[in-house]
Amino acid sequence: MLCGDPQEPGLRSEPGGMLKMMTFFQGLPGQQSVPGVLDFPGSSQKLPSSSELESEASMSEASSEDLVPPLEAQAAPDRDGEEATKKKKKRPKGLANMFSVFTKGRKKKGQPSSAEPEGHPESHPESSHPLPTVEELKADLERGRLEAAQPLLALERELQAAAAAGGESAEELVRRQSKVEALYVLLRDQVLGVLRRPLDAAPERLRQALAVLVEQEREDRRAAAAEAQAAAGPGASALVSARPRRWLQLWRRAVAQVAEERLCARPAAAAEGRSEAERVFLHMGRTMKEDLEAVVERLKPLFPAEVDVVAAYAESYHEHFAAQLAAMAQFELCERDTYMLLVWVQNLYPNDIINSPKLAGELQRVQLGSLLPPRQIRLLEATFLSNEVASVKELMARALELESQRWARDEAPQKLDGHCHSELAIDIIQIISQGQVKAESITPDLGVQIKQVLLLELAAFLRSYQRAFDEFLERCRQLRNYRANVIANINNCLSFRTSMEQQWQTPQDLPSHLLGPLSELKSHGFDTLLQRLFGDLKPLFKRFTQTRWVAPAQTLEEIISTVAERLPEFSELHDCFREELVEVIHLHLVKEYVIRLSKRSLVLKTAEQQQQLAEHILANADAIQRFCSQNGSSATWLHHALPKLAEIIRLQDPSAIKIEVATYATWYPDFSKGHLSAILAIKGNLSSSEAKSIRSILDVSTGMHRSSKPLFSLIKIG
């Protein structure tokens, strides 16, 4: 439907606006109902009258009042006057009146009747046999015998020769010429009548009409050359030149009229959901394709190459189609009609019509070009991109609002394969994908343009999604389905990430502004799910320092048992996220263990005590690593954290300790002097100068095996 105020006054878009616009199309100059050239299905065509044709003709097609002498001068001496009067009353008006000046002679013996078969016109108008009389030619033409074209041409040339010879008066020459021209009008009616409905005509008759048309074009050229030569010489002819008659031009004009009639026909009843513009352009496209296929398959084999019937029809249909689109483009279009117009101009017309299998070979030769100029196409594409991006933003915002309302109403999420599931990611990806598909359905280049814009809009949406989720985490803790909805939103991150990787880019190319909000959302969700568990573990870790590391194995066993009891709470996460969650737990266990070692509450004076603590740490580290790995943690980067600290505590030689510290720093670059001092405080037999010397090794950075994941930066030393 049309939107806004169109440029034409009186056609303001309102209910029925598109219908008014299409009515406006019907009123464009040259849009009147016209007779058809092809008898395509559904066309009801009527040949124009002789008077209508005469208005199109040149001076050579003058009326009887201009060129024909009075009736009395040509009265037939051997006919009864009363009979002539009766026959005169029966004749129709129009061109027949022109022949009322002719003497009605007897039919030549052996002359075929209208039912007799027709032959080809003779190839040469000149013949050794006497030329038929005007009356005989008139009778033949009235019966539709196109063979009369050859003797008529000979009669015309005879008249030209008589005029050149100068033996007859100017009045007599004009009288003879009027008869010849009247016969030519009748012949033209017969020829163009056949060519207006070529699929109705028998192939042989169509060939006859085409032969006459081609011969008349050839005679136009010959006459033009002769006239140019005569103009250079002395004297002037008593006859007014009747050529060029331009019958081929008249035929092409009629082809243009049938294209207009066929394309402007009212389309069939609309399919549900189609706009008026969609119906009109679907009708025009289908009609043009079917009609041109008929021209290529059925008419091209019969038409001579010089007539180029395919080009004539293709150009006429193209010009009218382009005129309709240009008229439509003058209006302020709504989103749907802007898209539809671009699809036809940039995709359906060039691909499904011009380059269709049956037409491509012919129409590529004709080179019809685009339905709209490039500048107008660019403006429409810019409008489409703006409309589509705005629509995508609105749809995504609406989807997020509906999802947020569902959380606030404490609705339980769906379950899919035992996992909490949300449709939000699917809805958003579908909205984005549809926008890109629409652009690609116009041109691939437009698809590339909109892709980058839509990805930016997706990134903006993901930030809005993260903010809405954080607000939900803060405000809705008391809701019954709170944890289930948290899990559903974490699972959503997988749907987003997978869809982006599959549809747009490889995982390595996904930009941080897309992945960042998803990572934050997942991290905040994990923190929420683990908050209660970590709260329960805190007093258990305190036992290490409260008991001065007495029976650490039993304490750690209780810690691991507590974690194992809570893991089923996370079973509704996707497997990949449950493994990531266990990795977070793994990091938490190692971190809390290091924190307890760094409390400076334990000082061991002897090597044996330090050796015993190191063995406890190694046993605890192995238990943590084994439990977490069995439950899906892939945090291998944590495997060295506790065993290497145990080795530092066990070693007694400062040089060996330096080497171990240097190696440790390569694995954990955020291991600082403060953290090292807290560990060295356990070694009560280490002097301050030795401790200082060991700490200085951290001033040298090897840069090997550096991990990008934080561990010691999460541990604050008091």
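Keep in mind that what you see is a predicted model, and the values were worked out from it rather than measured. By convention here, the first residue in the shown sequence is residue 1.
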Does one side chain, of [X] or [Y], offer a donor that lies under 3.5 Å from an acceptor on the other?
X      : Y      : value
Arg243 : Gln216 : yes
Tyr184 : Glu156 : yes
Gln346 : Glu381 : yes
Glu440 : Gln436 : yes

Quick check for you: to the nearest 0.5 Å, what is the distance between [X] atom [atom1] and [Y] atom [atom2]?
X      : Y      : atom1 : atom2 : result
Leu183 : Glu135 : CG    : CD    : 9.0 Å
Glu204 : Leu146 : CD    : CG    : 10.5 Å
Arg143 : Lys138 : CZ    : NZ    : 10.0 Å
Arg262 : Gln257 : CZ    : CD    : 15.0 Å
Met340 : Leu282 : CE    : CG    : 10.0 Å
Leu213 : Leu206 : CG    : CG    : 10.5 Å

Say whether, by atom type as modelled, one donor and one acceptor occur between the side chain of [X] and the main chain of [Y] under 3.5 angstrom.
X      : Y      : result
Glu335 : Phe384 : no
Asp140 : Ala148 : no
Thr443 : Leu446 : yes
His320 : Ala259 : no
Ser178 : Arg175 : yes
Ser391 : Glu388 : no
Thr383 : Leu379 : yes
Asp337 : Leu333 : no
Asn355 : Ala360 : no
Asn347 : Ile442 : no

If I compare all heavy atoms of [X] with all of [Y], which pair ends up nearest, and what's the gap?
X      : Y      : result
Glu306 : Val214 : OE2-CG1, 3.1 Å
Arg252 : Ser316 : O-OG, 4.4 Å
Ala322 : Leu371 : CB-O, 3.5 Å
Lys358 : Val296 : O-CG1, 4.1 Å
Leu195 : Ala209 : CD2-CB, 4.2 Å
Leu263 : Met288 : CD2-N, 4.2 Å

Practice problem: Kindly determine whether Asp220 and Trp247 satisfy side-chain contact (heavy atoms from CB on, under 4.5 Å), including the steps that lead there. | Solution: CA-CA 9 Å; Asp220 277 353; Trp247 287 6; over 6 Å; no

Quiz item: Is any NZ, NE, NH1 or NH2 atom of the basic residue among Glu297 and Lys300 found under 4.0 Å from an Asp or Glu carboxylate oxygen of the other?
Solution: no

Practice problem: Could you tell me whether Arg205 and Asp200 have a side-chain N and a carboxylate O separated by less than 4.0 Å? | Solution: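 No, no charged N to carboxylate O under 4.0 Å.
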
Between [Y] and [X], is there a side-chain heavy-atom distance shorter than 4.5 Å?
X      : Y      : result
Gln330 : Gln376 : yes
Arg176 : Lys179 : no
Leu359 : Ile354 : no
Arg279 : Met284 : no
Leu155 : Glu158 : yes
Val191 : Trp251 : no
Leu325 : Leu341 : yes

Practice problem: Before giving the answer on side-chain contact (heavy atoms from CB on, under 4.5 Å), spell out for Ile377 and Val345 the whole-Å C-alpha distance, their side-chain angles and the decisive distance to 0.1 Å. | Solution: CA-CA 8 Å; Ile377 291 174; Val345 172; 3.7 Å; yes

Exercise. Test Val212 against every option in Leu152, Leu187, Leu153 by the side chain to side chain contact (heavy atoms under 4.5 Å, CB included) rule and name the one that passes.
Key: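 Single side chain to side chain contact (heavy atoms under 4.5 Å, CB included) partner of Val212 among Leu152, Leu187, Leu153: Leu187.
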
Quiz item: Considering the options Val366, Leu363, Leu368, Ile353, which one meets the side chain to side chain contact (heavy atoms under 4.5 Å, CB included) requirement together with His318?
Solution: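 Result: among Val366, Leu363, Leu368, Ile353, Leu368 is the only option passing the side chain to side chain contact (heavy atoms under 4.5 Å, CB included) with His318.
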
Quiz prompt | Name of the residue among Glu181, Glu219, Glu217 meeting salt bridge (charged side-chain N to carboxylate O under 4.0 Å, His left out) with Arg245 | solution = Glu181

Exercise. Show your working on side-chain contact (heavy atoms from CB on, under 4.5 Å) between Glu293 and Glu362 and close with a plain yes or no.
Key: CA-CA 10 Å; Glu293 286 176 353; Glu362 294 292 334; over 6 Å; no

Quiz item: Among Phe281, Tyr317, Phe321, which one satisfies ring pair (Phe, Tyr, Trp, His ring centres under 6.0 Å) with Tyr349?
Solution: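 That would be Phe321.
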
Exercise. Could you go through the side chain to side chain donor-acceptor pair (under 3.5 Å) check for Glu215 and Gln150 one step at a time?
Key: CA-CA 9 Å; Glu215 185 178 57; Gln150 289 294 325; 2.3 Å; yes

Self-check item: Test log, rule salt bridge (charged side-chain N to carboxylate O under 4.0 Å, His left out), inputs Arg286 and Asp352
Solution: CA-CA 10 Å; Arg286 182 180 296 154; Asp352 291 1; over 6 Å; no

Practice problem: In sequence, state the C-alpha distance, the side-chain angles, and the governing distance for Arg298 and Glu290, and then conclude on salt bridge (charged side-chain N to carboxylate O under 4.0 Å, His left out). | Solution: CA-CA 12 Å; Arg298 301 175 61 184; Glu290 292 174 354; over 6 Å; no

Quiz item: For Leu455 and Lys451, what are the C-alpha separation, side-chain angles and deciding distance, and is it a side-chain contact (heavy atoms from CB on, under 4.5 Å)?
Solution: CA-CA 6 Å; Leu455 287 178; Lys451 172 185 174 181; 4.2 Å; yes

